[in-house]
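Taking it in order: structure first as structure tokens, then the write-up.
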Amino acid sequence: MRHEFFPLFYSFHFYLFGLLAIASALLFVTRKSPVAAAMWLVNVMFCLAAEYVLLGAQFIGAIQVLVYAGAIMVVFLFVVMLLNLGHAEAVTDLRGNAGRLAAGFVGLAMLAEVMVLAQSEFAAELTPKAALARQAAEAIDGPGGVIGPIAAPLFREHLLAFELTSMLLLTAIVGAVVIGKKREGGDAR
Amino acid sequence: MTQFLDGIGYAGWILPALLLLPLLGAVLVVAQGAMHKGDDASAMPAARQLALGIFLAEAVLSLGLWWALDPASPDWYGKVDLAWIPQWGVRFTIGIDGIAQMLILLTTLIMPLAVLGSWTSVREKTHSYYALLLILTTGMLGVFMALDLVLFYVMWEVMLVPMYLIIGVWGGQRRLYASLKFFLYTMVGSLLMLVAIVWLGLQAGRGGPPVFGYDAIMVMTKAAPVTGAMWVFLAFAIAFAVKVPMFPFHTWLPDAHVEAPTAGSVILAAIMLKMGTFGFVRFAVPLFPEVAMHPTVRMVMLVLAVTGIVYGALVALVQPDFKKLVAYSSVSHLGFVMLGIFAMTVESLQGALVVTISHGVSTGALFLLIGMIYERRHTRQLEDFGGIAKVMPIFATCLTIVALSSIGVPGTNGFVGEFLVLLGSFPTQPWFSFVAATSVIFAAAYLLWAVQRIIYNPLVKPENQALKGHDLNWREIGLLVPLLLAIVWMGVYPKPVLTRTEAAADRLVRGVEAARLSTLRKADGTGLNGEGR
Amino acid sequence: MLAESLALSAVLFTIGVIGVLTRRNAIILFMCVELMLNAVNLSFVALSKLYGATGQVFVVMVMTVAAAEAAVGLAIIIAIFRHRQSVDLEDINLLKG
Amino acid sequence: MQVEHAATGHPLADTVARFAWAIPVLPLLGFAVNGALALRAAGTPGPADPSAAGHHGDAGHGHDAGHHGAHDAHGAHADHEAHDHPARHPAAGLVSIIGPAVLALAFGLAVAVFSAMRGAGEGMHAPYILTLFDWLPTGKLDLAVAFQLDQLSMLMILIITGIGTLIHLFSVGYMQDDPGYPRYFAYLNLFVFFMLILVMGASYPLMFVGWEGVGLCSYLLIGFWFSEQANADAGKKAFIVNRIGDFGMLVAMFLMFANFGTLTYTGVAASLGDVAVGGALVTAICLFLFLGATGKSAQIPLFVWLPDAMAGPTPVSALIHAATMVTAGVYMIARSASLFSLAPAAQLTVALVGALTAVFAATIGLKQWDIKKVLAYSTVSQLGYMFVGVGVGAYTAGVFHLMTHAFFKALLFLGSGSVIYAMHQAYHATHNHADAQDMRNMGGLKQYMPVTFGLMWIATLAIAGIPPFSGFFSKDEILASVFARTQHSTLAEASWLGVPGSVVLYAVYALGLIAALMTAIYMTRMMLYTFHGPNRTGEAERGHLKEAPWIMTGPLVVLGLLSAFGGFLNLPALVNVGWNEGLHHWLEPVVGEGTLRVTHGEAAHLSHATEYALIGTAIAIAVAGIAYAFARLKPEALTPAAEAPAEQGIAKTLLDKWYVDELYGKVAVRPTLGLSRVVLWKGMDVGLIDGVLVNGSALLARTLGWIGSQLQSGRVGTYAWVLVLGLISVLSAFTFR
């Protein structure tokens with residue numbers, strides 16, 4: 001979808017989902033019960049998926065919804081339900097307001113530094129040369145449609161990385177099973 | 001006698017022989033121990049007899065030194081010079097002069113007495129005990145003979161380790177704390193010295209392989225003052241001050257003495273404390289006379305020495321434990337030696353040497369006596385005693401004589417030493433000598449009070465009364481008689497000792513005077529040897 | 001749009017960090033880590049418009065890693081829970097130095 | 001021991017004086033033999049394994065020790081003199097021969113040398129130096145053990161060996177039953193040896209050897225019955241106070257060596273040629289020498305040890321604390337006459353302190369009940385007189401009083417010894433534990449001990465200064481010489497802390513008279529309470545009171561003769577009966593030059609009128625004192641010590657010695673002990689050096705280690721924080737680049 005035609009629509013939705021994401025992230029952090037927190041995190045992920053689509057990365061958006069929101073958050077919820085931690089308000093989860101204040105201050109300090117860095121001449125070196133920018137733009141509009149520009153590098157230059165991730169996933173699965181298994185005879189050492 | 005000694009080429013082999021004999025002895029003792037496979041009861045008599053035999057042989061061997069050495073000749077007697085580690089320029093050079101001769105004789109004569117002193121008190125692991133004593137002797141003799149700075153440092157450490165083990169294994173209750181403190185104190189000091197030695201060696205090597213020979217370095221420091229001479233002197237001074245022990249560095253001595261076994265504290269007091277003063281007289285002062293005689297350095301040293309004298313005496317006044325009392329009195333006596341050295345006149349230096357030897361004899365005898373009474377009563381607290389003279393008259397007589405010599409009553413060796421130090425230091429340092437003389441009163445006070453609490457006062461405690469019939473046995477009397485004779489002989493006729501050390505003392509004083517005059521002349525010109533204080 | 005998305009990514013990342021620092025529940029900790037990863041993905045996607053699709057390849061990689069990490073992490077939490085009956089991070093200090 | 005003669009040309013060189021070194025060596029031999037006998041008999045070496053002693057003393061053994069211990073405690077209680085159980089020491093017979101014989105031989109040799117010296121006549125102007133061997137040959141010092149025989153040392157040798165022999169004989173009887181008999185004689189002989197070294201030494205350090213040697217022997221003899229805490233304390237106190245005096249001597253010697261380069265008498269005298277009168281150096285040397293003298297001769301600041309020294313056996317008090325040791329200070333000042341004459345300020349100090357001591361000790365003597373304490377304070381007072389004598393430069397007068405005092409004070413002490421011996425025999429017979437030395441238990445002894453009574457009266461009259469007894473002549477000469485020097489002498493012109501010399505001398509004369517008055521009073525008081533009035537010892541004991549055996553009263557008689565006719569040795573010029581001023585001529589070569597320098601070259605002379613006036617006042621004072629005592633004191637009113645009422649007011653303060661001991665304790669002893677225990681030992685040593693530096697550095701290492709370990713706390717949260725903080729610091733590095 002060409003964003004040049006609907007600039008207003010585009011930027012409005014972009015800010016909408018941005019703010020939604022921030023709000024739900026804040027709520028996610030402050031919820032006491034893990035289930036509520038998980039729900040807000042899922043919401044954040046949906047907003048991000050929308051952002052990806054708005055940024056022209058439709059495939060990533062789809063993947064986001066499928067993998068992140070769908071798989072990982074489900075596993076989280078599953079584990080929460082398995083260990084029935086849902087109503088964990090009893091444990092004062094947060095680390096007392098002193099800790100919270102400190103964490104807040106540290107976070108803001110980091111944010112401020114990043115913003116300052118963004119404006120400083122340091123950021124200038126990172127801005128792309130004009131030619132490179134143009135070349136990236138055509139790629140997206142090229143033949144393979146949305147998936148093409150991703151599939152090419154994924155399976156050509158980064159094939160090895162791709163295979164390694166599969167190996168990684170395999171070990172993760174085996175690991176999870178081994179760790180999660182209940183030892184017969186005697187509690188976990 | 002000298003013809004006989006020259007006949008057997010005594011000068012050539014005596015010094016290495018004195019060093020090697022104890023080492024061989026140690027090996028023998030350990031081998032014998034192994035044969036007994038560790039059952040201590042039967043092993044003890046064999047071990048101590050063998051050790052005593054070796055120490056007596058060493059003593060007889062060293063007696064020749066008394067006549068062999070001609071005090072007047074300026075060069076080293078019995079000099080042996082072998083290459084040891086050529087790459088680093090370290091040579092095995094040993095030789096002695098009047099001062100070292102006296103201290104070596106003191107060592108070789110005290111050691112058999114120390115072994116006899118702990119004849120029955122050390123009962124377990126005796127083989128390793130006597131082997132350590134033998135190695136300790138080599139270390140001590142090596143320190144007195146070394147004419148190569150690195151050899152001196154090596155012997156300094158060889159002497160330290162056995163003493164640490166003797167205190168640590170056979171000591172009293174708090175022996176671990178005491179031995180660790182003793183070791184760390186001396187080690188920190190000697191590490192500084194090692195740095196100084198290496199610096200000197202490099203300076204002497206002038207770019208090439210370093211030269212550590214004493215004479216070479218003496219020539220170098222005489223020619224032009226070494227850069228950083230002040231720091232090198234301070235490094236040496238601190239290492240020796242810890243060993244003396246001078247005032248602020250003395251806190252290891254009472255603990256080490258209290259916890260050491262009898263032979264350990266006898267050797268510690270009689271010989272090992274003399275390493276510090278010997279170091280000053282042999283290395284620190286002659287090599288850097290202009291720094292040693294620099295007004296502020298000399299003032300600091302004298303102030304510490306005199307504080308040590310008065311402080312040691314005052315604190316000894318209030319000690320409940322007899323061994324600690326004698327330890328603090330040693331701090332006071334050795335303060336006299338330092339006063340004698342830094343007053344830098346012939347009389348005060350000779351006085352300092354006489355105090356070193358007389359302190360060795362008197363305090364050695366005191367510790368032996370404490371050991372004897374400790375074996376019988378198993379306590380060192382003064383108030384546990386009282387009226388011992390009634391039940392142990394021989395012990396009481398010996399203790400009185402030795403206490404009087406330690407106080408410095410005329411007619412005993414203590415008086416000769418202290419009188420010469422005070423007399424000699426008065427012309428150059430009147431006020432220091434005056435303050436030091438007050439310790440004469442405190443010395444009488446604390447020792448007489450202690451002696452009174454032990455042998456006089458009513459005999460009321462049953463444990464003391466049970467000592468009846470347990471007076472000193474023949475071994476202990478035989479052990480004390482040579483010390484008592486030495487006390488009276490050096491008090492009445494100290495001439496032989498004085499003439500033997502006079503030449504060496506004279507050379508030292510003239511060397512320091514010459515250096516001081518040259519620096520004064522230079523001072524008028526370009527300011528004190530470039531350091532600019 | 002680039003500046004705004006990078007800013008959004010930074011804010012989300014900060015919220016994730018604050019969450020990690022404050023929460024004591026292990027699972028919520030993991031979620032915060034997931035949030036931080038999402039923030040990073042967002043900046044990747046935003047920059048891929050300028051530097052080409054490799055950015056998005058990266059995002060895929062990050063997702064696989066996140067998945068693996070979540071799986072193993074949760075397994076560990078389950079093991080700890082079975083032993084300690086709690087997932088409060090303060091109790092779990094066996095690694096005390 | 002090679003014996004070369006310093007001055008071979010000296011007239012004494014070939015006479016018997018060559019063997020003068022045997023005089024001190026004989027008592028040394030006596031000490032060696034007696035000491036060996038004492039040790040051999042008492043000490044039997046113990047078993048080979050000493051540690052067996054501690055724990056398993058068997059019953060019988062324990063019992064015996066217990067019995068012996070208990071018995072011993074009973075046997076030697078505080079002022080108990082002779083032992084009551086007759087087990088005489090096995091070697092007693094042999095020892096009682098060796099001890100006195102050795103001393104008698106020495107006295108004989110001394111008389112021979114004396115006659116040789118008189119024979120030498122004019123040749124005797126220079127002293128005869130007898131060098132034995134090199135002692136301290138170092139650098140400039142080069143000191144030899146050498147004896148100096150001249151008139152002064154000859155006089156002292158005669159006094160020491162003469163009176164010493166008498167006292168040794170007395171002790172044979174007195175100490176016969178004591179188990180430590182050979183040890184006693186060993187110490188006594190050693191004492192005489194050191195005293196002879198003191199007077200015969202040719203240099204200050206050699207004199208110092210004798211000086212401290214006699215201090216040592218007085219320590220051993222005062223604490224002879226050491227199983228009694230009081231005696232041992234008294235001995236220790238005597239030695240330490242003497243040691244303070246010796247410190248003064250040492251410093252004086254260092255000053256001399258530093259400035260004159262030599263320490264022999266002849267050397268010092270020679271190097272005094274160009275020294276100005278009243279110089280700071282000479283005054284300092286003399287003041288330090290005087291500090292030494294006050295320590296040894298018990299003058300004002302350091303006299304506290306002498307009264308406590310009465311804890312020793314009575315013959316010891318007679319020999320050491322009356323006749324010989326305490327006079328060492330006077331001898332030393334007389335010996336350094338040329339030095340002192342150059343320092344008028346120091347001389348005035350000596351005279352003033354002497355006079356003050358004389359009065360102060362006399363006041364305390366008035367109220368003492370223990371007979372030996374009375375005599376002790378009288379000794380301190382008479383020593384004050386001697387110091388007045390030598391202080392004003394009348395060295396002959398001082399030495400003359402020293403000699404006469406030795407006679408009558410020895411007699412007084414030995415007399416009191418025989419009284420105490422008799423009292424003790426009586427108390428022993430009836431197992432009574434009363435104090436044998438307390439005058440309140442005595443009274444009316446004249447009918448039981450007539451000989452001692454008569455001789456004690458001779459001594460009392462002598463000390464009071466009644467002519468023709470010796471005390472009158474010597475005391476009068478001192479007072480006369482003080483009066484003569486009030487005008488026209490270096491002392492009169494000098495000033496003492498602003499006060500003109502003559503005023504000081506008049507004050508000294510006045511104090512002298514007061515002291516003489518009080519001496520007469522307390523001596524008569526002692527005689528009244530002991531010999532006159534009713535007997536208070538008790539009916540049962542009265543039967544046992546009898547005269548002491550002849551071995552003890554013999555020496556008393558000899559001393560009685562000496563103190564009666566001793567005065568004729570130095571009759572004043574007034575009575576020109578041929579050999580008057582004998583002692584003055586005899587000592588002239590030694591002290592003459594010093595005496596003349598004080599009186600500007602010509603001998604001090606008083607007009608006959610003033611001399612008669614002075615003698616008159618002296619006699620009047622003495623008679624007044626005795627009359628006052630007879631009038632006021634009523635011996636019959638006294639009650640035995642047990643029931644005697646406690647003293648109050650001024651009497652109590654006098655009895656308690658003006659609380660000087662307590663003052664010294666509070667001002668000097670307790671603060672030093674407190675300082676050294678709290679501040680130095682606990683504070684500095686254990687606290688600062690050990691606590692802060694040594695253990696402190698160990699603590700520092702441990703705390704750093706602990707802080708490090710806190711980082712690995714195992715809590716995941718902490719790690720997260722560390723990560724984020726790291727991130728921020730990296731970012732800030734960039735932002736603030």
Side-chain angles (χ1 to χ4, degrees), chain A residues 14 18 21-22 25-26 28-29 34 37-38 41 44-45 48 51-52 55-57 59-60 63 67-68 71-72 75-76 79-80 83 85 88 91 93-95 99-100 103-104 106-107 110-111 114 118 128 132-133 136 139 149-150 153-154 158 161 165 168-169 172-173 175-176 179-180 187-188, chain C residues 1 3-8 10-19 21-25 27-28 30-32 34-35 38-39 41-42 45-46 48-57 59-61 63-72 74-79 81-83 86-88:
Chain A
F14 182 86
I22 291 173
L26 279 174
F28 152 66
V29 170
L41 186 57
V44 168
M45 291 185 182
L48 283 181
E51 292 283 340
Y52 292 154
L55 285 171
F59 171 70
I60 299 297
I63 297 280
V67 171
Y68 254 114
I72 297 176
V75 166
F76 270 104
V79 165
V80 167
L83 308 177
L85 291 170
V91 173
D93 192 346
L94 291 175
R95 204 169 284 171
R100 221 177 287 127
V106 161
M110 195 176 68
L111 191 64
V114 166
L132 197 57
I150 301 170
L154 191 60
H158 305 293
T165 47
L168 174 69
L169 281 175
I173 293 161
I179 296 173
D187 52 4
Chain C
M1 278 312 118
E4 289 76 5
S5 39
L6 286 183
L8 173 64
V11 167
L12 286 180
F13 187 82
T14 318
I15 293 171
V17 161
I18 293 173
L21 292 182
T22 49
R23 298 312 291 254
R24 287 168 43 147
N25 185 328
I27 292 175
I28 291 181
F30 270 118
M31 292 187 202
C32 294
E34 295 303 326
L35 174 61
N38 282 349
N41 288 351
L42 174 63
V45 167
S48 68
K49 285 185 69 63
L50 298 171
Y51 294 94
T54 41
Q56 299 183 9
V57 166
V59 170
V60 171
M61 298 296 170
M63 284 195 185
T64 47
V65 165
E69 176 245 336
V72 171
L74 288 175
I76 292 174
I77 287 177
I78 291 168
F81 181 80
R82 183 178 300 114
H83 181 65
S86 103
V87 285
D88 181 345

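Leu48(A) touches chain C through its side chain: at least one heavy atom from C-beta onward sits under 4.5 Å away, while N, CA, C and O do not. Within the 4.5 angstrom heavy-atom criterion, no atom of Ala3(C) approaches chain A. Only the side chain of Leu41(A) comes within less than 4.5 Å of a heavy atom in chain C; its backbone stays farther off. Contact of Phe14(A) with chain C is made through the side chain alone, with heavy-atom distances under 4.5 Å. Only the side chain of Ile72(A) comes within contact range of chain C, judged by heavy atoms closer than 4.5 Å. Heavy atoms of Ala161(A) lying under 4.5 Å from chain C belong to its backbone as well as its side chain. Only the side chain of Leu12(C) has a heavy atom closer than 4.5 Å to any heavy atom of chain A. In this structure, the portions of Val75(A) lying under 4.5 Å from any heavy atom of chain C include both its backbone and its side chain. Contact annotation for Val59(C): only side-chain heavy atoms (C-beta onward) come within less than 4.5 Å of a heavy atom of chain A.
Rounding to the nearest 0.5 Å gives a distance of 4.5 Å between CZ of Phe76(A) and CG of Leu74(C). Taken to the nearest 0.5 Å, the CE atom of Met45(A) stands 8.0 Å off from the CZ atom of Phe28(A). Between atom CD of residue Glu34(C) and atom CG of residue Asn41(C) there is a gap of 10.0 Å, rounded to the nearest 0.5 Å. Rounding to the nearest 0.5 Å places CG of Asn25(C) at 7.5 Å from CE of Met31(C).
Note on Cys32(C), Gly55(C), Gly16(C): by heavy-atom pairs under 4.5 Å with chain A, the leading option is Cys32(C). Ranked by heavy-atom pairs shorter than 4.5 Å toward chain C, the options Ala176(A), Ala71(A), Ala37(A) are led by Ala176(A). When each of Leu26(A), Ile173(A), Val106(A) is checked for heavy-atom pairs under 4.5 Å with chain C, Leu26(A) comes out on top. Looking only at heavy-atom pairs under 4.5 Å with chain A, the residue among Val72(C), Val45(C), Asn38(C) that has the most is Asn38(C). The candidate from Ser5(C), Gly19(C), Ala71(C), Ala46(C) with the greatest count of non-hydrogen atom pairs under 4.5 Å with chain A is Ser5(C). When each of Val67(A), Leu168(A), Val114(A) is scored by its heavy-atom pairs under 4.5 Å with chain C, the top score falls to Leu168(A).
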Practice problem: Determine, stepwise, if the pair Ile28(C) / Val29(A) fulfils side chain to side chain contact (heavy atoms under 4.5 Å, CB included). | Solution: CA-CA 8 Å; Ile28(C) 291 181; Val29(A) 170; over 6 Å; no

Quiz item: Given the rule in the side chain to side chain contact (heavy atoms under 4.5 Å, CB included) test, do Ile78(C) and Ile179(A) qualify, once you have shown the distances and angles that lead to the verdict?
Solution: CA-CA 8 Å; Ile78(C) 291 168; Ile179(A) 296 173; over 6 Å; no

Quiz item: Could you go step by step and tell me if Tyr52(A) and Leu42(C) meet the side chain to side chain contact (heavy atoms under 4.5 Å, CB included) rule?
Solution: CA-CA 7 Å; Tyr52(A) 292 154; Leu42(C) 174 63; 3.8 Å; yes

Exercise. Start with the C-alpha distance between Ile18(C) and Ile15(C), add both sets of side-chain angles, then the distance that settles side chain to side chain contact (heavy atoms under 4.5 Å, CB included), and finish with yes or no.
Key: CA-CA 5 Å; Ile18(C) 293 173; Ile15(C) 293 171; 5.5 Å; no

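Among all heavy-atom pairs drawn from Thr14(C) and Met110(A), the shortest one is CA-CE, 4.1 Å. Shortest non-hydrogen contact noted between Ala21(A) and Leu8(C) is CB-CD1, 4.5 Å.
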